[in-house]
Amino acid sequence: MDSSTASILTEVFFETLGYWYIIIPTIFLGLIVGGIPGFSAANTIIILMPLTLALDLQSGLVFMISLYCAARMGAGIPAILVNIPGTAGAAATPLDGYPMAKQGKGQQALAISFVASCIGGLLTTIIALAAMPILARVGFYMHSVEMIVVMLFGISLIASIAAQDMVKGLIAGFLGLMIGSIGTDVVYATPRGTFGFLELYDGVPLIPALVGLFAVSEAFVIIEKRVIVNHDGEPKAPNWGDTFEGVKIALSRWVHIVWTSIIGLVIGVIPGAGASIASFVAYQQSRSFSKTPEKYGTGHPEGLIAPESANNGVTSGTLVPLLVLGIPGGATAAIMLVVMQFHGVSFGPSLFENQPTVGYGMFMAMAVSYVFMFLTILPLSRYMSHVTTIPTIYLAPMIISFTLVGGFVPREYMFDMYLALAFGVLGYIARRTGYHVAAILIGVILGPLLEKYFLWSLKKSDGDIMVLFSSTLGNILWVAFALSIILPMVFSMRRKRKLEVPAE
Amino acid sequence: MSSEHHKPPRQIGGELVIPILSVGFTIYFFMTIWNSPWTAQVSTFMIGGILLLVCAIFFIRCAIWLSRGEGTLGFGNLFTMDDFRTGRIGLLLTTVGYVALIDTLGFTLTTFLFLAVSMLILARGKNAVFITMISAAMALTGWAVFIWAFDARFPRGWFETTMKAVLANG
């Protein structure tokens, strides 16, 4: 980095700090829209488009970026406290976040999540800034064959979730994959398994599936208890101790935050891949290489850190192809593209030569937002965690009403509310009879993507299945995938052997 | 060992619901793609085939449990009379009502009615005044934030239309 770039970055950093009056209110707005299923940074920016276009370019960018980052972090809050991921990107967060909340460690879990999100987001922003030219090329190398392996990294989480009862776990996962296959196929648009509903031709919409499987079914389950926190979980009075404990736990696992956020950054750079894939892959990899994989799913801090730092790593990753190549990495980035084009900004490598304050300014806005988020949101964790002590007779109906209507928002079909209700019934049956709803959801989210890349590969190779092993990068990824499955087994066997030795 | 003998038999009937639904859905799915191009079939036949296989393994496992007397075809893990006592059935019915009525009555009014009725069912009629107030406050907050402030695409009815006219005319 030469001295002129450094001086531009310093100048832009201080200039962005001056927008605190936009960033702080936007952070709170982002937390709200991120926390409610059906709302997201993308559709909030669309709703507020007239405002965004009326602002000057720099203010508009700061607003959009802050909203994007805050919504990503906000999605994890209900995921931890009430087992309802605000977006698909937070679908892996409740796997360990919610058990912590049930144990009365909601405040600690929120603090861990905030620290992991902020450090993950901040770190990946810096890496993205430094390694932009290299990262921008990642998208060129990732074709359908390579993406199949990336999807398999995420889908293999089903097997981990299924560890307690493999047969039931696999039934849940493959049922999810079948549900994810509903809709037209990507090559000839042949409708499949739609029950005659036109609304399902585009596939199963994610938000109603998320709302039903997690929120509605959870609401029907929690009414058995007076409050969410378990009887032995002892809800505590607000105290700073738990927040500091959470911060300490997260900081002591900084290496974990670093490598899982880098997974998010790399996946975020790939156009079309997103936070949901990143969080599932990060969770699975974190579990695979953990010394205590058996603790995952029971309220293990590392199981919470992995998806949260990964999905915040995605935010900076999606900016790279947008700024360097003019290819948006996700829905929010696509809307940012529209707003920036309205203001006459042209994308591509020339952006950093012609308008460096805009190019670098977006990354600086992201960095500053994460710093402000850390300072403003972390202290609130002690109050937010009290959601878990609200009597369920009030909480359950509120969850149902606000999340069901959230299922309606993305497409405005009444059908989607009925669909969310149907998924709610499925989720309730699954929870009561020992099937994991997260395994079903992984299938619903990743199944269609896997099929899409698989079909594209086969189509390009005239049906030759060996195309899956035709690229160097793909083969490296296959080896990495095989190692990620085999090595944890080897480690586990070694650990068991070590434990057996003293017993002998 | 003795605790093993006193363990209540496994309620296999409830556990079979999802595999049976899965088999039914997979067969239906296969029927819809039987005459389709191979692109529509290849991955779903693979996924569905594995699902059918895993379900078959589960059915065999259940049959073994049943033959050994380790389980029954009961649905106790899925549905009990407690579901009436806790208000779960009532909540389910009000939820169905909420989805059915929201298109006609609009978000605010339906949410108020749903919250009030379902909370009263779960609270067994206690704290009616508090519940009515909190339901009204939640529904009005939802309207103010999502419909009035953000103009979100929520279902609209009489209340929203009236408020829009009132606000437009000062």
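In the text below, chain A, chain B and the rest are named by the order of the sequence lines, each starting its count at 1.
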Can you tell which of [options] has the highest number of heavy-atom pairs within less than 4.5 Å of chain B?
options: Ile400(A), Leu404(A), Val425(A), Leu450(A); answer: Ile400(A)
options: Gly193(A), Ala189(A), Ser181(A), Ala219(A); answer: Gly193(A)
options: Ile182(A), Val405(A), Leu426(A), Thr190(A); answer: Val405(A)
options: Ala420(A), Ala430(A), Ser401(A); answer: Ser401(A)
options: Phe454(A), Tyr435(A), Tyr428(A); answer: Tyr435(A)

Under 4.5 Å from a heavy atom of chain A, the part of [X] involved:
X: Val54(B); result: both
X: Met31(B); result: neither
X: Phe25(B); result: side chain
X: Asn127(B); result: side chain
X: Val145(B); result: neither
X: Ile131(B); result: side chain
X: Thr111(B); result: side chain
X: Ile121(B); result: neither
X: Phe58(B); result: both
X: Asp83(B); result: side chain
X: Arg61(B); result: side chain
X: Ile33(B); result: side chain

Using 30° and 60° as the class limits, which term best fits the ring planes of [X] and [Y]: parallel, tilted or perpendicular?
X: Phe130(B); Y: Tyr394(A); answer: perpendicular
X: Phe415(A); Y: Phe197(A); answer: tilted
X: Tyr98(B); Y: Phe114(B); answer: tilted

| Is it true that Glu15(B) and Arg10(B) have a side-chain N and a carboxylate O under 4.0 angstrom from each other? |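 Yes, this pair counts.
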| query | Hey, are Arg88(B) and Glu224(A) close enough for a salt bridge, meaning a charged N less than 4.0 Å from a carboxylate O? | reply |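 The answer is yes: the pair qualifies as a salt bridge.
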Checking [Y] against [X]: is there a side-chain donor and acceptor pair closer than 3.5 Å?
X: Thr392(A); Y: Lys225(A); result: no
X: Ser217(A); Y: Arg431(A); result: yes
X: Gln41(B); Y: Ser36(B); result: no

Practice task
Using side-chain contact (heavy atoms from CB on, under 4.5 Å) as the criterion, point out the one residue from Leu93(B), Leu122(B), Thr94(B) that pairs with Val117(B).
Solution key: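 The side-chain contact (heavy atoms from CB on, under 4.5 Å) with Val117(B) is passed solely by Thr94(B) among Leu93(B), Leu122(B), Thr94(B).
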Can you measure from CG (Leu140(B)) to CZ (Phe159(B)) and round to the nearest 0.5 angstrom?
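Leu140(B) atom CG to Phe159(B) atom CZ measures 5.0 Å (nearest 0.5 Å).
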* Asked: Is the Phe408(A)-Phe154(B) ring centre distance short of 6.0 angstrom?
  ->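 Not under 6.0 Å, so no.
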